[in-house]
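Quick note: numbers below take in every heavy atom, side chains included, and nothing from hydrogens, waters or symmetry partners. First the proteins, then the strands, lettered A, B, ... as listed; each starts at 1.
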2 protein chains.
Amino acid sequence: MKASLGSIVREARELFRHHGYDGASMQDLATKVGLKKASLYTRFPTKEALVPEVLTLTNDELFVDLPEADPLAAYGVVLERIARGLSAETRCVGLHLAYGASGPDTPDAAKAVRGFFTGQRDRLAALLAPSVGEARARELAGDAIARLEGATVWTVVEGDVEPMARALRLSLSEAASSHRR
Amino acid sequence: MKASLGSIVREARELFRHHGYDGASMQDLATKVGLKKASLYTRFPTKEALVPEVLTLTNDELFVDLPEADPLAAYGVVLERIARGLSAETRCVGLHLAYGASGPDTPDAAKAVRGFFTGQRDRLAALLAPSVGEARARELAGDAIARLEGATVWTVVEGDVEPMARALRLSLSEAASSHRR
DNA sequence: CTCATAAACTACCGACCGGTCGGATCTATT
DNA sequence: AATAGATCCGACCGGTCGGTAGTTTATGAG
């Protein structure tokens, strides 16, 4: 076992993030992890099977080690992690895959992408629900995710991270003021 | 001349929008417009050359026929057009190309994508600048674009257009209240 | 040390990619 | 009617795609 499963998934994530589903090739992935292409197929049955692994890994990293006592603080921590990650990498794997692998071909990938975003929103909303109600919590979380994802437009085309910072601030204050009511 | 230049560019836009740069093939485009692949190359020297055409067409459609007397109203009209388009098509061509064709290969496409978004923002900002100042106008316009683009996350993965409507309302009221000051 | 299994390798498949070539066909001007 | 130029087409190029077949090598249990 020359390359660990985790390292393969992490490299696949990098390729998907920067080249998209079609643009990322199994050959490139094999080279990156120091294997031959055929060897990858002993670990993953298809290219598509990489997508759920990549996305669940990414979401798990976002929701680990949160302050249990203070849900509002936990909400803020997750948003900050998302914003920091998007600023550092300029792009979102999930969004690139949402645009590139949500068609009727690759149905497993499409389902994984859907689960990535709805899971992210619903776990965020769960942190807000006790204080602002379920419906409003879902709106706040969904809008926050959309704003951060949208700000990647500017990180990608201009390398400008200020819009991301503004989107983060807005969503944090929005949650805080909804909470106070 | 069996197919007009305009119809080719429009079909190319549809393919880029839904399949991305890598995922859209010249063969598919040829079939869609009723030509053979080789014939496309009498009109466009490369696949990459389609990208600027697609994006300038799209931006021109956004800024045509605006109320000249009322810049704030014009600003609102453009945002509404963007939101309507994104809701109807679920995706943004520009964003798909930004993620998929902004690498060092395809430099012409990357420049066109950059110009698509910065041009959109700067033309929007020009409508706001007289009343709120240049710097603030750029922030408002950039944030508005980012929010609408980000809302496509939900149109793509869930077919939900409500986040888009909320993003539009927020950006409109933000511009209006900045204007009043 | 043996031996089964897992994991890596080489080599290959058919399909499709962007792009090119030489010739056929269409159209407009004279 | 002749001709020149634009447009279209069938056939093809080298290369890459996702995926597979068959074989060798590394590993770990008895």
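We find that A:E53 and A:R43 are not joined by a salt bridge, their nearest charged nitrogen and carboxylate oxygen being 4.0 Å or further apart. A salt bridge links A:R121 and B:E158; the closest N-O separation between the charged side-chain nitrogens and carboxylate oxygens is under 4.0 Å. Contact check on A:E174 versus A:R147 returns a salt bridge, with a Lys/Arg side-chain nitrogen under 4.0 Å from an Asp/Glu carboxylate oxygen. We find that A:E149 and A:R91 are not joined by a salt bridge, their nearest charged nitrogen and carboxylate oxygen being 4.0 Å or further apart.
Within the 4.0 Å cut-off from OP1 or OP2 of D:dG18, at least one side-chain nitrogen or oxygen of A:K47 is found. For A:S39, a side-chain nitrogen or oxygen approaches OP1 or OP2 of C:dC9 to under 4.0 Å. OP1 and OP2 of C:dA6 both lie 4.0 Å or more from every side-chain N or O belonging to A:R43.
Taking every side-chain heavy atom of A:A38 into account, D:dT20 is the closest of D:dT20, C:dT20, D:dC8. Distances were taken from every side-chain heavy atom of A:T46 (C-beta onward) to each of D:dC9, D:dG19, C:dG18; the shortest belongs to D:dG19. Of the candidates D:dG19, C:dC9, D:dC8, C:dC9 carries the atom nearest the A:K36 side chain, counting heavy atoms from C-beta on. Closest approach to the B:Y41 side chain among C:dA7, C:dT20, D:dG18 is made by C:dT20 (side chain taken as heavy atoms from C-beta onward).
Note: A:I8 CD1 to A:L35 CG = 5.5 Å, rounded to the nearest 0.5 Å.
Note: CG (A:D28) to P (D:dG15) measures 17 Å, nearest angstrom. The nearest whole Å value for the distance from the CG atom in B:L35 to the C1' atom in D:dA6 is 14 Å. Whole-Å rounding puts the B:E48 CD to C:dC17 C1' distance at 16 Å. When rounded to the nearest whole Å, the span between CG of B:D105 and C1' of D:dT16 equals 14 Å. Atom-to-atom, CG of B:L29 to P of C:dC17 comes out at 12 Å; the value is rounded to the nearest Å. The distance from atom CG of B:L40 to atom C1' of C:dT20 is 14 Å, rounded to the nearest whole Å.
With a 6.0 Å radius and a threshold of 12 heavy atoms from other residues, nucleotides or ligands, A:E80 has its CD atom above the threshold.
Axis deviation across the helix from C:dC1-D:dG30 to C:dT30-D:dA1 amounts to 10°, comparing end segments of five pairs, rounded to 10 degrees.
Classified by interplanar angle (parallel below 30°, tilted 30° to 60°, perpendicular above 60°), the ring pair B:Y99/A:H96 is perpendicular. Between B:F16 and B:Y21, the angle of the ring planes stays under 30°, which puts this pair in the parallel group of the 30/60° scheme.
Taken residue by residue, residues 9-27 of chain B places heavy atoms nearer than 4.0 Å to DNA chain C at B:A24, B:S25, B:M26, B:Q27.
The shortest distance between side-chain heavy atoms of A:L168 and A:M164 does not fall below 4.5 Å.
Checking A:K37 against B:P45, the closest nucleotide of DNA chain C that is more toward the 5' end is the one next to A:K37.
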